[in-house]
Amino acid sequence: MSGIDKAKNKVQELSGEGKERVGEATGDREMQAEGANDKAAGNLKQAGEKVKDVFK
């Protein structure tokens with residue numbers, strides 16, 4: 001299960017990075033902010049998975 005969660009988190013992180021870049025390129029600050037939030041959420045979840053792995 002942990003591997004699936006890690007993959008989902010990475011997809012969220014990469015999706016957020018894409019949104020952030022598209023927002024920058026088009027001048028859409030809302031999309032840029034949404035992408036930054038998605039990217040940060042993915043990073044935070046990845047960190048949580050790493051902590052879980054340490055305690056296994």
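Residue numbers run from 1 in the order of the sequence given.
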- Query: Do any N or O atoms from the side chain of Thr26 and from the backbone of Val22 form a donor-acceptor pair under 3.5 angstrom?
  - Reply: yes

- Under a 4.0 Å N-O cut-off, is there an ion pair linking Lys6 with Glu49? no

- Task: Identify whether the distance between the nearest side-chain nitrogen and carboxylate oxygen of Glu13 and Lys10 falls below 4.0 Å.
- Result: yes

- Message: Testing Glu17, Glu34, Glu20 one by one against Lys39 for a side chain to side chain donor-acceptor pair (under 3.5 Å), which residue passes?
- Response: Glu20

- Separation between CZ of Arg21 and CE of Met31, rounded to the nearest 0.5 Å: 14.5 Å

- Task: Would you give the length of the straight line joining atom CG of Asn9 to atom CG of Leu14, rounded to the nearest 0.5 angstrom?
- Result: 11.0 Å

